[in-house]
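Beneath this line is the structure, given in structure tokens, with notes to follow.
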Amino acid sequence: MFTRRTALLGAAFAATAPVLLGRGIAAASESMTPVGLPADLSTLTRRKVELVRPPFVHEHEQVAGTGPQIIEFTMTIREQKMVIDEEGTTIQAMTFDGSVPGPLMVVHQDDYVELTLINPESNSMPHNIDFHAATGALGGGALTLINPGEQTTLRFRATRPGTFVYHCAPGGPMIPWHVVSGMNGAIMILPRDGLKNEKGEPIRYDKVVYVGEQDYYIPRDEDGNYKEYDSPGDGYSDMLEVMNGLIPTHEVFNGAVGALTGDNAMTSKVGETVLIVHSQANRDTRPHLIGGHGDYVWETGKFNNPPEKDNETWFIRGGSAGAAMYTFLQPGVYAYVNHNLIEAVSLGATAHFKVEGDWNNDLMEQVSAPGPIPRG
Amino acid sequence: MTDITAGSVAIIARILMVWALGAAPAVPCVEAAEPVPALVSIAAGAFRHRPAGEYLRAGFPDDAPRVAIGIDHPFEIMRDQVSAQAYDACVAAGACGPRFGAAGQAEALPATGVSFADAQDYARWLSDGTGMIWRLPTDAEWAYAAGSRFADDGLGAKTDSANPAQRWLLEYDSVAAGAADRDPVLRPAGGFGANENGINDLAGNVWEWTSTCYSRTRASAAGEVESVTENCGVRVLEGRHRAYVTFFIQDAKGGGCSLGAPPAYLGFRLVRDPARPSPFARLRAWLGA
């Protein structure tokens with residue numbers, strides 16, 4: 001029987017094949033697993049980490065207390081309909097672990113990341129994972145393509161410290177479609193001795209939050225209203241048309257308009273140092289903290305480079321993750337936005353921080369409250 | 001509080017209009033078949049109300065004091081918000097501008113995507129067509145008619161005037177709490193139920209324009225008003241929480257303001273004044289003088 005699933009499976013594999021052929025690997029082999037010398041990891045200890053939903057980040061040490069370890073993660077791919085704005089617009093999302101973005105993974109340099117990726121039978125499509133932090137096999141994409149009802153385990157060594165995007169990349173036009181349907185996240189690989197300022201001195205954060213920015217391309221009907229689909233495949237060709245126009249209908253933080261505002265606003269307090277990891281797997285963005293700054297910013301996210309200081313706005317290239325560290329100095333409500341303000345206000349790329357603490361009149365004071373202009 | 005049947009109002013309207021103008025009016029006219037909206041009568045009275053606008057006490061933002069407000073005359077207010085069908089008839093007549101996001105919307109839903117200016121245009125058109133005076137309610141009238149559905153925006157907390165952030169945080173949480181359970185799906189008239197006066201859908205998901213201008217009141221520490229600055233380019237909306245929106249904005253949702261939670265949809269209902277216009281006033285209004 002030829003079903004939609006069969007068609008999608010075929011499309012994904014067909015699209016993947018030329019890429020693999022082009023790289024000259026696995027072309028003649030039945031298996032896509034390359035043969036090499038077995039790695040001896042017998043001396044390493046293993047540690048299992050439970051991932052948590054963004055903007056939260058699982059517990060971790062900033063300075064590694066041990067030598068390199070094998071860090072075990074499990075992620076389940078969820079195809080699910082998600083509401084992405086206040087009007088109830090939906091997308092047939094594809095997700096790592098049920099959230100957009102997928103969870104932030106944190107390890108240290110020289111750790112081994114061992115991910116078990118599960119594609120439940122209830123899903124309709126093949127998926128895989130491409131880690132920008134990993135070396136070889138299309139970031140692991142060529143070794144992890146799994147059908148509904150399959151799982152796979154990939155291990156890679158975290159050789160380069162920094163924040164890196166991961167995303168699904170099942171081949172050809174499936175790649176951008178899966179990514180803009182939500183299938184991306186980030187990993188943070190800390191230096192074993194922690195983060196350092198521009199002088200090489202150690203610096204620490206009290207809290208880390210993960211903001212994943214997502215561009216969506218939702219098709220509209222003839223009346224201009226957003227369309228709703230019963231399955232990812234049903235919306236594919238319509239969405240591809242919108243995607244090819246390159247103008248997103250939504251540009252949001254953590255999966256939906258308002259996902260990090262109101263009751264879901266992030267919190268901090270005066271004197272607290274927050275590390276904001278910001279990823280965008282597909283499209284350039286420029287985070288800005290209104291009323292605050294970036295004390296230390298790794299714009300490209302790679303910790304072997306000294307951080308920039310005192311940034312007003314920082315640039316996150318599409319397909320990368322960056323990190324900004326800031327110590328809040330003044331209480332109040334802060335908006336954290338994509339400073340293309342059209343995208344922030346009209347398309348949704350706004351988050352809020354609620355910050356408690358004492359007001360510092362030396363930093364700012366309203367000398368005269370608004371009132372009538374004096375005559376004369 | 002009584003409902004006045006649409007038919008009798010329409011007939012009275014025709015009679016009054018003919019009486020007022022003496023002859024067939026040249027203004028666009030609502031046919032007698034066009035239903036005059038169902039109305040609810042609100043008796044005169046008095047209540048305590050926290051006026052809209054920003055209030056500074058000794059230079060720092062504070063809750064405006066609740067004051068006694070007299071509703072000196074009874075008035076009638078639309079039982080339902082102006083519907084898409086009703087508003088779009090004005091659009092079809094060329095007297096109102098198109099709504100934001102109207103395409104494909106069911107006629108029975110409330111008219112949304114309307115600015116203060118649109119609501120004014122509709123009131124003028126309906127007044128011309130019915131020979132009655134229709135207008136937006138003031139903020140106080142809306143609150144008086146809304147009764148238990150009115151959301152007082154007093155924070156009721158003594159904040160440290162040396163720390164402006166305390167009030168920002170309180171306001172933020174207050175609005176966020178109101179926004180948390182909101183349903184984005186528009187409902188036909190009555191979908192959010194009636195209040196104790198029989199008025200439907202107050203504080204549902206459609207905010208309603210009032211005629212009240214945004215204002216800033218400066219008061220001394222003792223509460224004596226020192227100055228009031230009005231900005232009528234921004235008007236007060238009432239709904240689940242009070243909102244201040246520029247007069248030409250049809251959709252305030254956006255992707256989240258810099259701060260706070262914006263109204264979901266902008267709509268309105270009108271009040272009808274009991275006072276009949278004198279022929280002279282009608283003529284003046286008609287001539288636009």
| request: Below 4.5 Å from any heavy atom of chain A, which atoms of Ala162(B) appear? Answer side chain, backbone, both or neither. | output: backbone
| query | Highest number of heavy-atom pairs under 4.5 Å with chain A: which of Asp173(B), Leu186(B), Asn205(B)? | reply | Asp173(B)
| field | Region of Phe60(B) that comes under 4.5 Å of a non-hydrogen atom in chain A | value | neither
| field | Interface moiety of Val355(A) toward chain B, non-hydrogen atoms closer than 4.5 Å | value | backbone
| note | So, the part of Leu169(B) with a heavy atom under 4.5 Å from chain A: the answer is both
| task | Count the heavy-atom pairs under 4.5 Å between each of Gly357(A), Pro331(A), Ser368(A), Pro370(A) and chain B, then report the option with the highest count. | result | Pro370(A)
| request: Output, in order, the C-alpha distance, side-chain angles, deciding distance and verdict of side chain to side chain contact (heavy atoms under 4.5 Å, CB included) for His339(A) and Leu341(A). | output: CA-CA 5 Å; His339(A) 209 287; Leu341(A) 295 169; 3.5 Å; yes
| task | Could you tell me whether Lys269(A) and Glu356(A) make a salt bridge, using a distance below 4.0 angstrom between a side-chain N and a carboxylate O? | result | no
| said: Once side-chain contact (heavy atoms from CB on, under 4.5 Å) is applied, do any residues pair with Glu228(A), and if so which ones, sequence neighbours excluded? | reply: Lys81(A), Thr90(A)
| task | Check side-chain contact (heavy atoms from CB on, under 4.5 Å) between Arg66(B) and all other residues, then give those that pass, not counting sequence neighbours. | result | Arg48(B), Arg50(B), Asp152(B)
| field | Side-chain donor-acceptor pair present, Gln280(A), Thr285(A), cut-off under 3.5 Å | value | no
